[in-house]
Amino acid sequence: MAAIDREAVLDRLRTIQNPGSSSDIVSSDMISGLTVRDGHVLFSIDVDPRQGPALEPLRQEAEKAVEALPGVLSVTAVLTAERAAPAASPQPSPPAPAPSGGAGRQIVIDGIGAIIAVASGKGGVGKSTLAINLAVALASQGKRVGLLDADIYGPSMPRMLGLSGKPSSPDGKRLEPMRNHGLAVMSIGFLIDEETPMIWRGPMVQSALVQMLRDVDWGQLDIMVVDMPPGTGDAQLTMAQQVPLAGAVIVSTPQDIALLDARKGLNMFRKVDVPVLGIVENMSTFVCPNCGHESHIFGHGGAKEEAQKRGVDFLGEVPLDIAIRETSDGGRPITIAAPDGPQAAAYQAIAGRVAEKLTTEKPRAAPRIVVQ
Ligand code: ADP
């Protein structure tokens, strides 16, 4: 089968009229972020914020047109818009303070106050564990919280939250999020069998996140916590760019090597203009399960120092504690299993700081435009 390339995609898109002018959508500079990899095509159509929802048919037309090209395996087109000035469109009062950072072109989801990313420079540092316990802690502080497992390389939410089965779709179009522990949850892990090899790479990775945001009926949420895939590669960068993130929380362990990676994470969000809310040091001190003695196996305080050096806030530290792992593995995060214990207190403190930062940081612009 002929390999599909950018030029062929652009040629096809040139056949589609820009409804707002006499030229086509390519000549009108509406196409951006075109990625073509192994037959998977991803691109954005930049539109006027006020016209976002009305242009859904244009998005579908563009998708269909490209799908019809030989050699194309999948197409994901998203409507994006430069951030509207706050006064550009009437604002329904958001459910919570809705600061929102991020670069210009993004999909924006209606009804979600603030989307925050939990990210790490590398895997295995406790990112998912933090995302879950942070979400539970925020919910226990009275927020309506959604949790999106975008860690498509190793989705762990279903297991860590004790959820199984498939999400339902009452209208056959949008999926209902799964629910447990007071959270609305969506994970690529619900949609794919655990045995299925993870071949979600490049554009597919990106489209998975867009689809989980756009095609899930999240309802009204104050905060959405997104568990990002580990690392700072292209896929992560594109995710950070496409989703209207109010901010990012970077998780790091005390080891230097992890800190180097954490620095990459900081730089990535800065590059796409997403405010870094702060750094969390995970597995900070080791608490002996027998005697309660604390020791600093990997050293301690490196993340705090790094945060200070880089001019970002230090959000708190979480001890290396076997109870945290056992409860996660058992599907009941520690903030649920032992809400009054010292481990939960650590997560509660971090959640409190995150919530406060979302309220006090100057909103750059309100997120608007409905995709769908
Ligand atoms: P990541 O998302 O960064 O890959 P996970 O959250 O999946 O990391 O954590 C990796 C493993 O470490 C899991 O088994 C988890 O239960 C465990 N873990 C995470 N944080 C802690 C902690 N503070 N104390 C003990 N175990 C932890």
Side-chain angles (χ1 to χ4, degrees), residues 91-102 106-120 127-151 157 160-161 163 176-187 209-210 212-214 216-228 239-240 242-251 269 274-280 313 315-316 318 333 335-336 339 344 346-368 370-371:
Q91 303 282 318
S93 54
S100 183
Q106 302 175 324
I107 60 156
V108 183
I109 315 300
D110 208 22
I112 302 180
I115 306 180
I116 59 170
V118 177
S120 63
K127 175 181 50 58
S128 302
T129 309
L130 176 74
I132 290 174
N133 284 292
L134 178 62
V136 171
L138 287 165
S140 74
Q141 293 173 12
K143 306 263 190 293
R144 291 166 297 180
V145 183
L147 183 57
L148 198 166
D149 184 3
D151 187 350
M157 297 275 158
M160 287 180 161
L161 289 166
L163 282 165
E176 289 284 315
M178 307 283 272
R179 290 179 200 276
N180 203 6
H181 306 314
L183 306 173
V185 184
M186 183 50 68
S187 165
L209 177 63
V210 169
M212 284 194 292
L213 276 167
R214 193 183 61 195
V216 171
D217 195 0
W218 291 102
Q220 296 287 320
L221 295 176
D222 297 316
I223 298 182
M224 159 88 75
V225 178
V226 180
D227 183 11
M228 297 281 283
M239 277 189 181
Q242 283 190 334
V243 177
L245 292 171
V249 173
I250 312 258
V251 195
F269 287 108
V274 170
V276 173
L277 300 175
I279 298 184
V280 170
D313 281 0
L315 296 171
V318 179
T335 36
I336 294 286
Y347 288 115
Q348 289 287 356
I350 293 166
R353 279 180 211 120
V354 167
E356 192 190 310
K357 294 214 75 174
L358 289 175
T359 320
T360 54
E361 288 224 330
K362 192 168 69 67
R364 296 174 173 208
R368 268 312 274 167
V370 192
V371 185

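We number each residue from 1, following the sequence as shown.
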### Task
Supply the atom-to-atom distance L163 CG to N180 CG, rounded to the nearest 0.5 angstrom.
4.5 Å

#### Entry: Interatomic distance, I250 atom CD1 to M228 atom CE [nearest 0.5 angstrom]
9.0 Å

### Query
When you measure from the side chain of D222 to the backbone N and O of R144, does any donor-acceptor pair fall under 3.5 Å?
yes

Holding to side chain to side chain donor-acceptor pair (under 3.5 Å), I want the full list of residues that pass it with [X], two or more places apart in sequence or in another chain.
{"X": "Q141", "answer": "Q348"}
{"X": "T129", "answer": "none"}
{"X": "D149", "answer": "S187"}

Find out whether [X] and [Y] are in side-chain contact, i.e. whether some heavy atom of one side chain is under 4.5 Å from a heavy atom of the other.
{"X": "L315", "Y": "K357", "answer": "yes"}
{"X": "L277", "Y": "L358", "answer": "yes"}
{"X": "M224", "Y": "L213", "answer": "yes"}
{"X": "V249", "Y": "V280", "answer": "yes"}
{"X": "L245", "Y": "F269", "answer": "yes"}
{"X": "L134", "Y": "I116", "answer": "yes"}

#### Entry: From CA spacing to verdict: side-chain contact (heavy atoms from CB on, under 4.5 Å), W218, L148
CA-CA 10 Å; W218 291 102; L148 198 166; 4.0 Å; yes

### Query
Do NZ/NE/NH1/NH2 and the carboxylate oxygens of D313 and R353 come within less than 4.0 Å?
no

Where is the tightest heavy-atom contact between [X] and [Y], given as atom of each residue plus distance?
{"X": "P333", "Y": "M160", "result": "CD-O, 3.7 Å"}
{"X": "P244", "Y": "I115", "result": "O-CB, 3.9 Å"}
{"X": "A246", "Y": "P275", "result": "O-CG, 3.4 Å"}
{"X": "A135", "Y": "L183", "result": "O-CD2, 3.6 Å"}
{"X": "A351", "Y": "A137", "result": "CB-CB, 3.6 Å"}

## Note on the structure
Residues at least two apart in sequence or cross-chain that pass side-chain contact (heavy atoms from CB on, under 4.5 Å) with A131, listed by chain then number, are V118, L147, M157, V225, D227

